**Q** 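Pasting a structure below so you can have a look.
Only a predicted model underlies this, so the values are computations on that prediction, with no experimental measurement involved.
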Amino acid sequence: MALCTNSLKKFSNPEWFDDKILIIDEFWAVALHIACSATHRKDRIASLALFKEAFKRCESVIILDGMLTDWLVRWAGDQDPNKRILKLENTLQRRKAKVEILLGTPTKSGGFDSNNLSPYVAPMLGSNTPFIVFSDSQKLLEQIEILLIDAGKVGIRIDSKTVKKDSEERLCLDDCNEWIKLHRPDYILCSPTAESGVDISVWGYFKNSYGLFRGIIATDQQMQMMGRYRCPDCFWHISVPKQSFLRGSDRDYNLDNINAAAARLMELAEMDISHLRLNKDWLGDQFLGFIEEAKLDVNNTFALRARAKDSFEKENLRECLHFALESSGHEVTETALFAVGKTEAELKIAGETVKKRAAEEIFNAEDIDEKQAEDIAAKWASTWEDRVKLIKASYKKQLPGIEESELWSADLIQFLKYDEPKLIGAAGLLHQFKNPESATRKQKNLWAKIATDRAIFLPDLHSPHLKIKALEFLNFEQFLDP
């Protein structure tokens, strides 16, 4: 039997786990998913409780991961302190592939443009030998595939858009080695859809492996993706920005002081309650004491540490990957390469094609109701057909009545999704600033639910109400009407 953590709630009878052997492969990814992912936000507390129950009831638990750390193993042990922990280290050291990290293309200012991938894409177009590409950007893989097809190459792209029931991509994902031997592709393009459970061991088939990371996934996932093809004679070419564009969130934690981060969350909770003017009669006795206990929960602490690690890696993305590669035994060099103007221009044109195509698919997607949208959002791996429905529903929810406007079009969707992806969020915050009663009401309802359920996961605590209070404190109004 196999399941993901999102399916734990379907196991209504915990006795099903009694005396079983629970095997969790790629444990870091599983732990990160249940403690931090958005798809678990609504059921995280219940899912973590079921996760702990499964650990307790199983006869033994086997956790596997090439990136296991002591603190991760300790968290696993915290799920059932009565179980004895036995650590087994794989001491087999194989030869490792040589790695080249592309700093970028030289700029007139003396720096490097890490977004220019033409020095890597151009050799793909003229390659006489098969190659494999790993990337955390589906859009980038689509761009590259357009150029490869135009160059007469034949291969396959594995991502959430292409992997469907009975498709060639699904057949390849199910048994990569046999598929490669049968079809002899010029290339394989892999997104994180092919990250888990795929082991390509057709030794010597690919001479070059490209890792084109745009800062969406962190170091461990980058290492796992590149490691899907383990042939040491395959040369690795990696492009990764110095920092992730996703860095600098409003929740940047410090790995050196997780206790301070927990205390800060407690402080924010107390501040939120104070500004909302919620009294003890409304919340119930000992409410802050209950939150203080939640702060010390091992799952809260683990999530804080995991998010701190993620924040650090996003601030130092290239350096962290370089360090991980060398620590794993790879010989790593860094290089800068000149841009290939023709390929650079072709990539930009292909990029516009990909954006336009995606926007049209979203615009023409089936309309769904709020319940259907919630069901899709809760899925760990939804199909592209479902995702376009969800994206369309999200725009219509955030922009009430937009479908009745002459502005509603594929062009508008392309603008909101690719050109100004933060516009709706900023407009929503501005609306809440001018109409604070809405944010106040929502936050009061949240605290009422927490007080009733006596359940809170502090790392998930979010307060638009406090953002508005901060803007009021900064006298933000003066900037709206200077």
Side-chain angles (χ1 to χ4, degrees), residues 37-39 41 115 136-140 142-143 160-161 214-217 241 243-252 311 314 348-370 373-374 376-377 382 384 386-443 460 462-482:
S37 74
T39 59
R41 189 180 297 275
N115 292 317
D136 53 3
S137 170
Q138 179 173 297
K139 173 178 169 288
L140 175 60
E142 290 185 63
Q143 289 174 252
S160 60
K161 284 188 178 183
R214 301 296 84 201
I216 299 171
I217 62 176
Q243 296 176 315
S244 169
F245 72 94
L246 295 174
R247 71 187 191 284
S249 68
D250 58 351
R251 286 287 173 86
D252 287 330
S311 292
K314 285 176 179 173
K348 288 181 179 178
I349 294 171
E352 290 303 311
T353 300
V354 172
K355 290 191 289 187
K356 182 177 179 62
R357 184 168 59 199
E360 289 174 348
E361 289 173 351
I362 294 168
F363 181 73
N364 294 318
E366 176 188 345
D367 292 307
I368 57 175
D369 58 33
E370 189 170 345
E374 288 179 357
I376 294 173
S382 55
W384 173 246
D386 279 344
R387 282 166 54 203
V388 292
K389 297 175 191 175
L390 177 62
I391 296 170
K392 182 178 182 180
S394 174
Y395 284 139
K396 290 172 67 176
K397 181 179 180 180
Q398 294 176 88
L399 302 169
I402 188 63
E403 68 271 23
E404 306 299 330
S405 166
E406 60 182 18
L407 294 174
W408 182 240
S409 63
D411 289 340
L412 175 64
I413 291 173
Q414 182 174 334
F415 175 76
L416 294 174
K417 181 171 176 57
Y418 296 106
D419 300 333
E420 293 292 340
K422 296 182 180 180
L423 180 61
I424 293 180
L429 184 58
L430 178 61
H431 175 77
Q432 289 181 332
F433 178 75
K434 292 182 176 180
N435 304 274
E437 63 281 354
S438 173
T440 300
R441 182 173 61 255
K442 287 181 179 179
Q443 202 64 13
D460 283 344
H462 177 68
S463 177
H465 168 78
L466 274 185
K467 281 188 178 180
I468 293 169
K469 286 297 179 182
L471 291 173
E472 289 176 352
F473 178 78
L474 294 171
N475 195 19
F476 181 68
E477 185 73 37
Q478 65 179 319
F479 299 105
L480 299 179
D481 187 19

**Q** Can you name the closest pair of heavy atoms from L390 and A373 and give their distance?
**A** CD1-O, 3.4 Å

**Q** Between K469 and E472, is there a salt bridge with N-O shorter than 4.0 Å?
**A** yes

**Q** Please list, one pair per line, the donor and acceptor atoms closer than 3.5 Å that link side chains of residues 412-438 to other protein atoms, with sequence neighbours excluded.
**A**
unit_1: H431; atom_1: ND1; unit_2: N435; atom_2: ND2; d: 3.3
unit_1: N435; atom_1: ND2; unit_2: H431; atom_2: O; d: 2.9

**Q** Decide whether W384 and E361 meet the rule of one side-chain donor and one side-chain acceptor closer than 3.5 Å.
**A** yes

**Q** For K389 and I376, which heavy atoms make the closest approach, and how far apart are they?
**A** CB-CD1, 4.5 Å

**Q** Minimum heavy-atom separation for R214 to N115, with atom names?
**A** NH1-OD1, 3.6 Å

**Q** Please name the pair of heavy atoms, one in G215 and one in D136, separated by the smallest distance, quoted to 0.1 Å.
**A** N-OD2, 3.4 Å

**Q** CG/D369 to CD/E374 distance, rounded to the nearest 0.5 angstrom?
**A** 9.0 Å

**Q** Tell me, with the steps shown, if K355 and E352 meet salt bridge (Lys or Arg N to Asp or Glu O under 4.0 Å).
**A** CA-CA 5 Å; K355 290 191 289 187; E352 290 303 311; 2.9 Å; yes

**Q** Does any N or O in the side chain of Q398 come within less than 3.5 Å of the main-chain N or O of S394, such that one atom is a donor and the other an acceptor?
**A** yes

**Q** Would a distance-only check, ignoring hydrogens and angles, find a side-chain to backbone donor-acceptor pair under 3.5 Å from K392 to I362?
**A** no

**Q** Mind checking the CG-CZ spacing from L474 to F479? Nearest 0.5 Å is all I need.
**A** 8.0 Å

**Q** Does T353 have any side-chain contact (heavy atoms from CB on, under 4.5 Å) partners at least two apart in sequence or in another chain, and if so, which?
**A** I146

**Q** Could you please spell out the steps behind the salt bridge (Lys or Arg N to Asp or Glu O under 4.0 Å) verdict for K139 and E142?
**A** CA-CA 5 Å; K139 173 178 169 288; E142 290 185 63; over 6 Å; no

**Q** Within this structure, what is the CG-CG distance for the pair L471 and L466, rounded to the nearest 0.5 Å?
**A** 11.0 Å

**Q** Report the residue from W408, Y395, F363 that forms a side-chain contact (heavy atoms from CB on, under 4.5 Å) with E403.
**A** W408

**Q** Grab the two heavy atoms, one from Q443 and one from P464, that are nearest each other, plus how far apart they are.
**A** OE1-CD, 3.8 Å

**Q** I'd like to check H465 versus I468 (side-chain heavy atoms, cut-off strictly below 4.5 Å). Are they in contact?
**A** no

